[in-house]
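Numbers restart at 1 for each chain; the letters A, B, ... are given by sequence-line order, proteins then strands. Keep in mind the model is a prediction, meaning the values are calculated, not measured. Basis for what follows: all heavy atoms, side chains included, without hydrogens, waters or symmetry-related copies.
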Protein chains: 4
Amino acid sequence: MSHYYRLVVSCPDRVGIVSRVSGFIAGHGGSITEASQHSDLESGRFFMRYEILADSIGMPPETLREAFRPIAEEFDMTWALADTRQRRRVVLMVSKASHCLVDLLYRWTAGEIDCEIAAVISNHETMRGLVEWHGIPYYHVPVPSDEKQAAFDEVESIVEEVRADCVVLARYMQILPPTLCERYAGRVINIHHSFLPSFAGAKPYHQAHQRGVKLIGATCHYVTAELDAGPIIEQDIHRVSHCHTPDDLVRFGRDVEKAVLARGLRWHIEDRVLIHGNKTVVFA
Amino acid sequence: MSHYYRLVVSCPDRVGIVSRVSGFIAGHGGSITEASQHSDLESGRFFMRYEILADSIGMPPETLREAFRPIAEEFDMTWALADTRQRRRVVLMVSKASHCLVDLLYRWTAGEIDCEIAAVISNHETMRGLVEWHGIPYYHVPVPSDEKQAAFDEVESIVEEVRADCVVLARYMQILPPTLCERYAGRVINIHHSFLPSFAGAKPYHQAHQRGVKLIGATCHYVTAELDAGPIIEQDIHRVSHCHTPDDLVRFGRDVEKAVLARGLRWHIEDRVLIHGNKTVVFA
Amino acid sequence: MSHYYRLVVSCPDRVGIVSRVSGFIAGHGGSITEASQHSDLESGRFFMRYEILADSIGMPPETLREAFRPIAEEFDMTWALADTRQRRRVVLMVSKASHCLVDLLYRWTAGEIDCEIAAVISNHETMRGLVEWHGIPYYHVPVPSDEKQAAFDEVESIVEEVRADCVVLARYMQILPPTLCERYAGRVINIHHSFLPSFAGAKPYHQAHQRGVKLIGATCHYVTAELDAGPIIEQDIHRVSHCHTPDDLVRFGRDVEKAVLARGLRWHIEDRVLIHGNKTVVFA
Amino acid sequence: MSHYYRLVVSCPDRVGIVSRVSGFIAGHGGSITEASQHSDLESGRFFMRYEILADSIGMPPETLREAFRPIAEEFDMTWALADTRQRRRVVLMVSKASHCLVDLLYRWTAGEIDCEIAAVISNHETMRGLVEWHGIPYYHVPVPSDEKQAAFDEVESIVEEVRADCVVLARYMQILPPTLCERYAGRVINIHHSFLPSFAGAKPYHQAHQRGVKLIGATCHYVTAELDAGPIIEQDIHRVSHCHTPDDLVRFGRDVEKAVLARGLRWHIEDRVLIHGNKTVVFA
């Protein structure tokens, strides 16, 4: 299978960025297989993502990065160049609800999500069997209400130890402390079971049922210190009616949550999501 | 064209309601062409709607109502029996945005919404030409910020004078006073240009853009004294991305608003919407 | 957990059916928790489904059936009365593609699909490990192109032996012989990976890509002797664009297939699907 | 309001196209406000569309075209450079069904579709009043079954006379002769009331009802000599059930048709649709 370099850039918008970057790549013989750009007119910021066939460029990623640096400095870019052979290391955090975990493990096995799953961390033992059957280390870190700090210190040290690039709260049901959110800003992905900003916080399906909405939803977003308020990556909905009990909503919701989280994680892993203040640019 | 009697009932749930009501109708030779029921397990309340071919019953609606009254009393029913020959009288209220008005007028002309449009009331003159071209009376009632009460008194007297059964706020952009909301409870329909309860209040598309949501929506609901908080009849959404400006959201939103309001109004007119506390049962 | 009797009826439409049936149930103290009716005006046929709290009726299902028989005869009904304690016995047939199997097993484990999975039959060994881990018998029945009849005879005898009520072709990729289709008419469910009647037959995603459609779909239907032409239970779609390769279509399609098959099977198991010529009435 | 140059290119894919084109534009000070690219791996063909702020380039379109020509030749490009001040001239063709016409006229009035409507041609007089009220010339060209050629000759001469860039069959219900299809290849847009390739030809909603599908659709496509088989621009669907009659399907379908045609036409007018064999690349 071919491997790729992924160049992701954001910088102040001005004439000549595309020309300069594409000229640089063409100058090295680089074959661009996918290109995406976006100019945000309000903020005057420019975003781009290039997928380049690695074999078309006769140099390793670190040399290419070195060569690109002057352009990045000239245009004041925030940027990264990834090599798809360096697979991202993902930690999944779960509680007792298994649907998102099972779904992600299946997609990972099927090759839909191209990453390493470095570990699963849970505040319960429930999923150990399934996870270890997949050959993935399972860490049980209980979160007693009076010793949360110690628990999250342990979570943090596991995340460090397994050198995770990304943490996924796959229905983890615990609120991460602000220090953790800030340390891993832009690298912790949550699935919230409502169409945010409606029904932030606890028991969103019950809130939705109470309000009598005709559509329920799920939201995949980056975690920030403010609960359920981080940059949104993806959302979707499912139609409901007066016939449906809160249990039905929970059941429909599981399908929406799985789909939305899987899309969000895939895009994150493929460097398709650029954070822009409290919003995202998604080159899906 | 055939006409129908529509029997709509809500009452405390217990054994034998369907049997008693369907037995009553069968006893009069009534041919039921559409039947819907719902038991709400939380509240223990039962809802039903029957559409009966009028010609199959050898009596006028008032006689049928008289005959039904003992059953209604026995089961403590809130109920109504409508005759489709008595078309509902609807008042449309609009401001300057024309898309919902144009859409409703087209559907009305095409026979999709079976009602009389008794009047259009607007705080602007903008739509007079179009409305009068359809042969519908147009009332211009300005709403100056220092004389709102007088304006809404005039609105109320027009609504009374034209004997409206139902008022539709088709992007009216003014907040009705609580007295009016209460007087016409369950008979005033609004289209709100967001997926409520997200983004209640003013400029919802700008709020949505600010928050970076990936779906925008519209909500058709009954108006209550609390702003944008009444029972929801229908909702729908449209997918958006980082590419889209607030103006794009407004443009996409127009299509969602039109569709959602048209469905909501049609269902209301056809007695398919039963209010149940702050929710609705919709026999669509 | 409560158990229910499910009464499903189809018969020529005439005045008094609902009254007679609901009167019968009320006469035995039966509490109806869900009721659905449909009159097909073209064919003059009537369909109904009642869900009755079993404990509210003081008799076992066979006694209730006996008591109902005269009414069924009077109205010339095709009917069945099921007891939810008698869980349906389902056989899943799979080939090498695992997504539908994994999804159904998960939903079954999670209680979303209330049935016994009596066996999995496959023309490959691939899924044995997963299936047996769930405690379900796995039958490997190869289908060599020159001995298909013998293979399907074996399939038939397994289906008989495990006393299956229903067979699900969960991406089985083999065409059942007409005799089998006819013997189990209305009891064999297939998932076809296109929006039928578009792209019947082999490699539908490649057909769809070739045609340049903007939406791909999946169809859950009952199997008949004519390939991909049986009564449709459920369909859904996913949006695609010029960006997507046939492989992307296959990947998106997996999610649609899983969702559509799971809904179709759940409805079938819950007696919500009534076959009507080459169509279905689905009381979802 | 700003105006733009739109550069649309398709050519054999090779290294350096983007670099060369973006370098050309940057060299003239051009500010790119929207850029889209697509590499089709199967055919090895490359597609791009640039939207350039006209004021950022100090030359009229013809001079810019002249300057670009050597690049176009070097890369063997099929290309066009449009100036948004030159609004496209559109002819709408209709029969008796008014919904698409009314919808397009409304969107045109509201500024959603930025074009000139040069004429409306119909085989009936029905829509004359509405069309002329909008100040648009109306041509009544009856199409008697024994004089079709003469009728279409007249259509052709009107299209020529009003210098139309694009012809929209907005539920025209007549089949254009092959000569006309070929003469205006890639410039005649049709809305077909089914999810093609299902239900090509006449009465698709009745075909759909007959087949018992659970979703109906509409397809906007370029007209070719083969009926309902041209490159698809856009499609969408609406969910239906056993409850719905063919008349309901027609009613739901109207909304889908309007939406799909409006999107397709808008994209065509904005040079977002590139034809590629029997498919389209849509930079929506």
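Contacts with chain C were tallied for D:Ile233, D:Val213, D:Asn278, D:Thr245; D:Val213 has the most, counting heavy-atom pairs under 4.5 Å. Most heavy-atom pairs under 4.5 Å with chain D, from the set C:Phe195, C:Phe283, C:Phe47: that is C:Phe195. Put simply, of D:Arg211, D:Glu234, D:His38, D:His276, the one with the most heavy-atom pairs under 4.5 Å next to chain C is D:Arg211. Each of C:His221, C:Gln207, C:Gln210, C:His209 has some count of heavy-atom pairs under 4.5 Å with chain D, and the biggest count is that of C:His209. Per-residue counts of heavy-atom pairs under 4.5 Å with chain C were compared for D:Pro231, D:Gly277, D:Gly230, D:Ala208; the largest is that of D:Gly230. Your options are C:Gly217, C:Ser241, C:Gly212, C:Cys243, and the one with the most heavy-atom pairs under 4.5 Å with chain D is C:Gly212. Contact count against chain C (heavy-atom pairs under 4.5 Å) is highest for D:Ala229 among D:Ala229, D:Ala284, D:Ser39.
Taking a cutoff of 4.0 Å between a charged side-chain nitrogen and a carboxylate oxygen, C:Lys214 and D:Asp236 do not qualify as a salt bridge.
Closest of all the heavy-atom pairs between C:Gln235 and D:Leu215 is OE1-N, 3.6 Å.
Interface remark: C:Phe199 contributes side-chain atoms only to the contact with chain D (heavy atom separation under 4.5 Å). For D:His244, no part lies near chain C; criterion is any non-hydrogen pair under 4.5 Å. When heavy atoms are compared at a cutoff of 4.5 Å, C:Thr280 approaches chain D by way of both its backbone and its side chain. If you measure heavy-atom distances from D:Leu41 to chain C, you find no contacts under 4.5 Å at all.
Contact annotation: the side chain of C:Pro246 approaches that of D:Glu42 to within less than 4.5 Å [non-hydrogen atoms, C-beta and beyond].
Remark: C:Glu74 CD is packed, more than 12 non-hydrogen atoms of other residues, nucleotides or ligands lying under 6.0 Å away. By the neighbour-count criterion of 12 heavy atoms within 6.0 Å, atom CD1 of C:Ile175 is sparsely surrounded, having that number or fewer from other residues, nucleotides or ligands.
We find the CZ-CD1 distance between D:Arg239 and C:Ile237 to be 9.0 Å, quoted to the nearest 0.5 Å.
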